[in-house]
There are 2 protein chains.
Amino acid sequence: MARPRTFDEALVLEGAMELFRERGLHGISIPELSERLGICKQSLYNAFGDKRRLYLSALRRWGEQQVEEKLALLDQAPSPLEGVRRLVGEWAGLAAICPSPGCLTVTAIVDNADDPDALAIVEGQVEGLERGLRAALVKAQALGELRAEASPERLARILISTCYGFGVLARLPGSGPVIEDSVATLLALLDDAAA
Amino acid sequence: MARPRTFDEALVLEGAMELFRERGLHGISIPELSERLGICKQSLYNAFGDKRRLYLSALRRWGEQQVEEKLALLDQAPSPLEGVRRLVGEWAGLAAICPSPGCLTVTAIVDNADDPDALAIVEGQVEGLERGLRAALVKAQALGELRAEASPERLARILISTCYGFGVLARLPGSGPVIEDSVATLLALLDDAAA
DNA sequence: CATGTTCTAGAACGTCAAGCCTAGAATACT
DNA sequence: AGTATTCTAGGCTTGACGTTCTAGAACATG
């Protein structure tokens, strides 16, 4: 019937995701995407539609990947609170890697302030993380790992906000060590809230 | 000698700042800036140079304004710790106003990841806030408002990161109440660290 | 082998941006 | 009054981008 795709669509999407992470929606053009991904423009259009849809696909993929990865950390941890510690440490620690390719969620919010589709995807991701964190904190509280007066809901939210803050500051050159130290501080605050 | 400027340069810069806050560097064009500011393109070029320099000027002004305003809160407060509380409450609370025009610092970092000049301005602003917060926390500690084991340096940094996180999440529609609640949580955490 | 779809490479199109330039009106100084 | 500078209004140039189109090569299926 037809010549099959000679490229792995998922792999290309992954590549596009990386480029969007580093440069943002407007920071990379279709011609450059085509060149860097090793695929001609036409194939990009055939496979993903237009630029906006390619971006949304990449954003969706990023979201799924991030949420999945982080919820897995929660599941695999020996205890709920330890899971939270690992999630926060991993997430925020990633921001400290220098030079960081950046958090696509952060750039997506800034680059697509007026695109409801993009914002909806981001919202879903944020909610997914918040739900996971909250559930783990509730469990931790039930197990006595967390003080009874602490609010899992509020704690989850503040942890998330802080991590996104790291995601912003991580884009400043040389911020790696500072952020790494801040991650330790955040974890210490979490311990304070627990004890 | 010459016809004087018929517009107030500072006022126009303020207007440009607002537009850049809402839409980002690439989100608003020179023709639209000209129209919205009520000044013809040529006058913009005469007064501010090219678009990049106009943006940098707006960013500088934003930084000065923000730092100044926030350090003033520290000075006017009845006690150092209360100053910190007010600064954080004011800053993060601003993000909760809906719809928020957004924090120019956050968008500047994302929009200008490869412009050292822009990043340097932002860095200066972040450092200014950090220095002020740290100094206030040191004073608070000397007065016994803050536990002796607490680290003013680390506390200052984590507060800043969290507030920038609010600045990101504030761009999601409907996030106002959630952020407002998170501000309260953050202040409660500060109290925990103090007591 | 024939067919039809997808591939590649690259040209072409329309749009819009940034920046520059012109021309004429306005206004402070000498 | 004359002069020089800034103003406004708008057109022009150049270039980039997103998108579509053309033309021909590759290849799985009938």
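As the structure is a computational prediction, the values presented were derived from the model and not from experiment.
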Inset, instruction - Provide, to the nearest angstrom, the distance between the NE2 atom belonging to B/His26 and the C1' atom belonging to C/dC16. - result: 15 Å

Legend entry - Closest listed nucleotide, where the reference is the side chain of B/Lys41 and the choices are D/dG10, C/dC7, D/dT19: D/dG10

Inset, instruction - For A/Glu9 and C/dT6, give me the distance from atom CD to atom C1', rounded to whole Å. - result: 13 Å

Inset, instruction - Decide yes or no for A/Leu11 and A/Phe7: does some side-chain heavy atom of the first lie under 4.5 Å from some side-chain heavy atom of the second? - result: no

Inset, instruction - Using whole Å, report how far CD of B/Glu32 lies from P of C/dC16. - result: 12 Å

Inset, instruction - Just jot down the ring-ring contact (aromatic ring centres under 6.0 Å, His included) partners of A/Trp91, sequence neighbours excluded, or say none. - result: A/Tyr164

Inset, instruction - Find the distance B/Leu54:CG to C/dG19:P and express it as a whole number of Å. - result: 10 Å

Inset, instruction - Just compare D/dC7, D/dG18, C/dT8 and give me whichever is closest to any side-chain atom of A/Ile39. - result: C/dT8

Inset, instruction - Report yes if a side-chain nitrogen or oxygen of A/Ser43 is closer than 4.0 Å to either non-bridging phosphate oxygen (OP1 or OP2) of C/dT8; otherwise report no. - result: yes

Inset, instruction - Please determine, for the side chain of A/Lys51, which listed nucleotide (D/dT19, D/dC7, C/dA18) has the closest atom? - result: D/dT19

Inset, instruction - Send over the distance from B/Ile30 CD1 to D/dT13 P, rounded to a whole Å. - result: 20 Å

Inset, instruction - Return the value, rounded to whole Å, for the distance between atom OH of A/Tyr45 and atom P of C/dT8. - result: 15 Å

Inset, instruction - With the side chain counted from C-beta on, respond yes when A/Val168 and B/Val110 share a heavy-atom pair under 4.5 Å apart, and no when they do not. - result: no

Inset, instruction - Salt-bridge test for B/Asp115 and B/Arg52: reply yes if a basic N is under 4.0 Å from a carboxylate O, no otherwise. - result: yes

Inset, instruction - Nearest whole angstrom, please: distance from the P of D/dT20 to the CG of A/Asp50. - result: 8 Å

Legend entry - Between D/dT20 (P) and A/Leu44 (CG): distance, integer Å: 13 Å

Legend entry - Toward the 5' end of DNA chain D, by each residue's nearest nucleotide, A/Gln42 or A/Leu25: A/Leu25

